[in-house]
Amino acid sequence: MSLLIISQAEVAQLLPMDRCIGLMRDAFTSFTRGEAVLPLRPVLKLPDERGVLAMMPAYLASNQTLAIKVITVFPKNLDTPFDSHQGAVLLFDEKDGRMIALMDASEITSIRTAAASGVATDLLARTDAHDLAILGSGVEARTHLEAMIAVRRISRVRVWSRRAERATAFAKRESARHDITIEVFAEVADTVSEADLICTTTGASEPVLCGPWIAAGAHVNAVGSATPWTRELDTAAVVNSRLFVDSFESAINEAGDFLIPRKEGAITDDHIMGEIGDLLLKRVAGRTSDNEITLFKSLGIAVQDVAAGRHVYQMALESGMGTSIELGGLRDQPA
């Protein structure tokens with residue numbers, strides 16, 4: 001059995017942001033139509049809470065792709081050479097079950113997460129939104145800047161990080177990359193003041209963004225928290241927003257940004273207006289006024305990895321990229 005291995009650097013070349021945004025639109029539409037098999041992800045938490053191992057399987061009928069992402073999340077990797085999210089996306093032939101590709105999950109995760117925020121921003125942000133605030137300075141901050149630039153005419157960018165030196169390094173590197181000035185701020189309230197686009201990409205377990213700081217008419221992409229016990233937004237920020245999610249089932253089981261305010265009695269399940277797929281299918285209304293605050297709570301769902309992984313695999317075959325190995329899996333092998 002031949003298995004194609006696709007490296008992190010190759011994934012980055014094969015999955016450009018603008019293409020991934022289109023892939024995410026299609027994936028969310030198919031998912032909300034019911035054209036996917038998507039169980040809740042099992043998460044194994046280490047006893048000392050250093051990190052988790054998450055398994056994200058899915059089948060996407062629209063492109064007949066069967067895959068699973070297996071990924072570790074170690075937030076304290078900040079001071080190591082390693083990404084906080086590491087693992088692999090495994091693609092299988094849906095006819096006979098052969099594993100046909102193994103590819104780096106860190107890059108797929110960072111690109112597809114930002115691309116999903118790009119879809120949400122295009123659907124929910126004001127058309128004239130141009131003032132972007134990014135909370136966090138890691139991998140997701142980098143890809144979210146790219147996604148926001150892809151869907152809106154960004155003229156101002158501000159960044160905040162718990163470590164000032166990381167924010168400064170981010171601003172210097174990404175300013176040169178995108179030919180745009182990025183301002184560094186020491187306080188979150190100043191970073192988001194009057195911003196009409198806000199992306200929270202931190203590893204925070206307690207809120208870093210408070211409701212009173214968010215300007216009327218802003219759109220927020222909250223992507224840093226993906227467990228029931230952590231959140232980046234305080235209760236007021238969620239209560240004051242028109243809330244959309246990638247998956248309703250995932251949100252009511254996994255999203256601390258939603259679950260903690262619900263536990264407090266501040267909101268109910270009805271506070272979720274719909275999935276991004278509902279917006280794409282025009283089943284629900286998105287922004288209803290220029291002064292309304294809209295919020296996309298992103299957890300990341302496996303159909304995103306399936307759609308991105310299938311595209312990466314197909315592009316690798318067409319371009320001759322990747323490394324092919326013989327793995328096994330045949331019934332009869334020579335003795």
Side-chain angles (χ1 to χ4, degrees), residues 20-41 56 58-63 65 112-127 129 144 147-148 150-152 196-200 214 217-223 225-226 228 231-233 237-259 261-262 266-308:
C20 194
I21 289 172
L23 292 169
M24 294 305 101
R25 292 179 69 94
D26 293 342
F28 285 138
T29 302
S30 294
F31 169 65
T32 300
R33 277 185 182 142
E35 299 169 354
V37 180
L38 182 69
L40 284 172
R41 54 187 159 201
M56 300 173 63
Y59 174 72
L60 194 55
S62 58
N63 59 14
T65 303
R112 64 80 155 153
T113 302
S117 293
V119 174
T121 300
D122 203 28
L123 292 167
L124 292 168
R126 296 198 321 262
T127 56
H144 271 75
M148 296 303 101
V151 298
R152 287 295 183 270
D196 41 37
L197 292 173
I198 302 172
C199 297
T200 63
I214 303 173
H219 171 69
V220 182
N221 297 303
V223 305
S225 166
R231 59 174 173 166
E232 296 179 294
L233 277 60
V238 178
V239 169
N240 295 339
S241 301
R242 188 168 172 84
L243 172 62
F244 295 85
V245 298
D246 41 21
S247 161
F248 181 82
E249 183 183 21
S250 296
I252 64 172
N253 283 280
E254 300 175 344
D257 287 291
F258 167 76
L259 291 171
R262 189 184 71 173
I267 55 175
T268 66
D269 289 354
D270 290 340
H271 193 66
I272 298 175
M273 296 292 103
E275 297 174 341
I276 294 300
D278 289 315
L279 287 170
L280 290 165
L281 292 167
K282 302 188 185 305
R283 293 178 178 176
V284 298
R287 172 175 292 277
T288 60
S289 76
D290 284 346
N291 290 325
E292 189 171 50
I293 296 170
T294 54
L295 168 61
F296 170 49
K297 175 53 203 167
S298 169
L299 285 164
I301 53 177
V303 293
Q304 296 172 248
D305 302 302
V306 171

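Start at 1 with the first residue, then count along the sequence. Since the model is a prediction, treat every value here as computed from it, not as a measurement.
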Chemist: Got a sec, which residues hit side-chain contact (heavy atoms from CB on, under 4.5 Å) with A307, two or more places apart in sequence or on another chain?
Modeler: M24, A27, L60
Chemist: For R262, what residues pass the salt bridge (Lys or Arg N to Asp or Glu O under 4.0 Å) criterion, not counting sequence neighbours?
Modeler: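 Counting only residues at least two positions away or on another chain, R262 forms a salt bridge (Lys or Arg N to Asp or Glu O under 4.0 Å) with D269.
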Chemist: With S298, which residues qualify under side-chain hydrogen bond (donor to acceptor under 3.5 Å, both in side chains), at least two apart?
Modeler: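 side-chain hydrogen bond (donor to acceptor under 3.5 Å, both in side chains) list for S298, sorted by chain: empty.
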Chemist: Of all residues at least two apart in sequence or in a different chain, which pass the side-chain contact (heavy atoms from CB on, under 4.5 Å) check with A226?
Modeler: R41, L299
Chemist: Please name all residues satisfying side-chain hydrogen bond (donor to acceptor under 3.5 Å, both in side chains) with E275, sequence neighbours left out, ordered by chain then number.
Modeler: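 Result, side-chain hydrogen bond (donor to acceptor under 3.5 Å, both in side chains) vs E275: T32.
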Chemist: Strictly by salt bridge (charged side-chain N to carboxylate O under 4.0 Å, His left out), give each pair with a member in residues 296-307 just once, sequence neighbours left out.
Modeler: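 Residue pairs with at least one partner in residues 296-307: K69-D305, R112-D305, D257-K297.
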Chemist: Checking T268 now: which residues fulfil side-chain contact (heavy atoms from CB on, under 4.5 Å) with it, not counting sequence neighbours?
Modeler: D270
Chemist: Using salt bridge (Lys or Arg N to Asp or Glu O under 4.0 Å) as the criterion, list what pairs up with E292, not counting sequence neighbours.
Modeler: none
Chemist: Taking only residues two or more places apart in sequence, or in another chain, which ones meet R152 in a side-chain hydrogen bond (donor to acceptor under 3.5 Å, both in side chains)?
Modeler: D122
Chemist: Could you name each residue pair satisfying salt bridge (charged side-chain N to carboxylate O under 4.0 Å, His left out) that touches residues 281-290, not counting sequence neighbours?
Modeler: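 Those involving residues 281-290 are D278-R283.
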Chemist: For A218, what residues pass the side-chain contact (heavy atoms from CB on, under 4.5 Å) criterion, not counting sequence neighbours?
Modeler: I214
Chemist: Sequence neighbours excluded, which residues qualify as side-chain hydrogen bond (donor to acceptor under 3.5 Å, both in side chains) partners of S289?
Modeler: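 If we apply the side-chain hydrogen bond (donor to acceptor under 3.5 Å, both in side chains) test to S289, skipping adjacent residues, there are no hits.
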